[in-house]
Amino acid sequence: MLQNKKNIEQAYALAQARYRELGIDTEKILDQISRLKISLHCWQGDDVGGFEGNDGLSGGGIQVTGNYPGKARCAGELRTDLEKALSLLPGKHKVNVHAIYAENSSTQNRHQLDISHFSEWISWAKKNRLGLDFNGSFFSHPMAASGFTLSSSDEKIRRYWINHAKACRKIAYAMARELEIPCICNIWIPDGSKDIPVDRLEPRRRLKNSLDEILNEKYDAAYLRDAVESKLFGIGSESYVVGSHEFYLQYTAGGSTMLCFDLGHFHPTESIADKISAILLFRNELLLHVSRGVRWDSDHVVILNDEILSLMREINRTDSWRKVHIALDYFDASINRIAAWAIGGRATLKASLL
């Protein structure tokens, strides 16, 4: 072990000298990378199941494939798995929690969630000196069976999800206050239709009105940061997605709500790296959900490929490390779930270091 450590240090000294000749201070770079916080997504650990006791009810564009053993069966197991994954990632990071990971709750009451349902998450985050981010869960629920939530034409359904989103913002704010670390509350909805709709306008009008009401209550931005996430298409919404990129691009124009770009939510030939300078010229912040799209699936484990490298190069060239928030977002149940976290997290860190 000592010899191996000595070999690594000698190799680093040689590399450091070579980089110095090129004008690169490796110690400065390592200091910068140590302050980069990646938000690790809890839902990789249990295949986006959550702990509502709904026996893995799927839907709303969510589909996880694979049955590799070791899926977390409770929140305690999930947090233990996250600790192991985080131990394999250099630096101090955050954990991204979905509303379905509430404890002492049920599948029927997402509109009534409060901070008490996440007290164990907060205590665990404090113990491990971690920040938390938060997401509303607008899927895998009887009230989302139609495929429409915040844009639903049924006022009862729409009201239910508006109240859920309001509760999520309140929870995210309370998390941030408890941990004294800003919390990003992201809104992604699955709303859309499998085939060509007659009316594309009214669902978007309803979504705008819903978001206006949800985001109307102001919180201290030092604690709560809001974001909205688009999608190109989803399972069951192949022909029409209400919350498209164009919709959210316009909705966030001139406001304080962040855009969230998921790397798997755009056409395979689109460059997300190219979008960064275009967005940050007009906005102060951007949220990235780092994923890897493969054909029609948007959520493969991140690897060190050209796409992630070009993304990080662009962040570096625009000097946007403090403006761009980086989170992981994928789910693969065909491999070891802790390995999936470690592979994706280390690939993202390696790309940032390069």
Side-chain angles (χ1 to χ4, degrees), residues 34-43 75 79 82 86 91-103 105 110-138 150 161-189 210-229 248 251-262 279-280 283-290 320-329:
S34 72
R35 287 184 268 115
L36 178 64
K37 291 184 183 293
I38 293 175
S39 194
L40 212 63
H41 57 314
C42 76
W43 49 95
R79 287 190 284 264
L82 277 163
L86 287 163
K92 266 298 174 190
H93 302 288
K94 301 176 79 177
V95 169
N96 211 357
V97 180
H98 246 288
I100 56 174
Y101 292 86
E103 295 173 81
S105 183
R110 288 187 200 172
H111 63 309
Q112 296 174 341
L113 288 173
D114 60 47
I115 192 62
S116 68
H117 299 114
F118 298 90
S119 59
E120 292 298 321
W121 283 103
I122 293 171
S123 297
W124 174 78
K126 278 184 179 179
K127 176 185 173 184
N128 290 278
R129 295 187 294 119
L130 299 167
L132 293 176
D133 290 323
F134 201 67
N135 304 261
S137 301
F138 298 84
L150 293 180
W161 292 112
I162 288 173
N163 290 336
H164 172 62
K166 288 180 177 180
C168 289
R169 294 187 73 223
K170 189 176 293 186
I171 291 165
Y173 177 70
M175 283 178 167
R177 289 295 300 267
E178 284 278 343
L179 299 171
E180 297 186 341
I181 299 173
C183 179
I184 296 174
C185 186
N186 184 49
I187 295 176
W188 173 81
I189 61 171
S210 296
L211 291 171
D212 286 347
E213 181 177 342
I214 292 163
L215 298 170
N216 182 58
E217 186 172 358
K218 302 303 177 186
Y219 291 91
D220 187 345
Y223 294 103
L224 177 65
R225 307 294 295 116
D226 293 294
V228 286
E229 178 183 353
Y248 286 126
Y251 186 81
T252 58
S256 60
T257 304
M258 274 188 284
L259 270 175
C260 173
F261 285 165
D262 187 305
I279 295 301
L280 292 182
R283 293 169 175 79
N284 294 323
E285 290 181 287
L286 175 67
L287 174 61
L288 293 178
H289 276 192
V290 181
S320 301
W321 292 109
R322 294 191 177 186
K323 297 180 179 180
V324 177
H325 305 275
I326 299 173
L328 302 183
D329 186 3

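Among all heavy-atom pairs drawn from Cys42 and Val95, the shortest one is CB-CG1, 4.4 Å. Taking every heavy atom of both residues into account, Pro182 and Asp133 meet most closely at O-OD1, 4.1 Å. Listed here is the closest heavy atom pair of Ile122 and Glu178: CG2-CB, 3.9 Å. Minimum interatomic distance between Phe134 and Ala99 (heavy atoms only, all atoms of both residues): CZ-CA, 3.8 Å.
Counting heavy atoms from C-beta outward, Leu132 and Ile181 have side chains that stay 4.5 Å or more apart. At least one side-chain heavy atom of Arg110 sits less than 4.5 Å from a side-chain heavy atom of Ile100. Inter-residue side-chain proximity for Leu215 and Arg169 is flagged as met; some heavy-atom pair is nearer than 4.5 Å.
Not one N or O on the side chain of His41 forms a donor-acceptor pair closer than 3.5 Å with the backbone of Val97.
Residues Lys166 and Glu217 are not paired through a salt bridge, judged by the lack of any N-O separation under 4.0 Å between the basic side chain and the carboxylate.
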**OP:** Start with the C-alpha gap between Tyr173 and Arg177, add the side-chain angles, then the distance that decides, and say whether side-chain hydrogen bond (donor to acceptor under 3.5 Å, both in side chains) holds.
**Re:** CA-CA 6 Å; Tyr173 177 70; Arg177 289 295 300 267; 2.8 Å; yes
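Considering only residues two or more places apart in sequence or on other chains, His164 meets the ring pair (Phe, Tyr, Trp, His ring centres under 6.0 Å) condition with Phe138, Trp161. The side chain to side chain contact (heavy atoms under 4.5 Å, CB included) search around Arg322 returns Arg35, not counting sequence neighbours.
The closest side-chain donor-acceptor pair between Asn135 and Asn96 falls under 3.5 angstrom.
Atom NZ of Lys94 is separated from atom CG of Leu328 by 13.0 Å, given to the nearest 0.5 angstrom.
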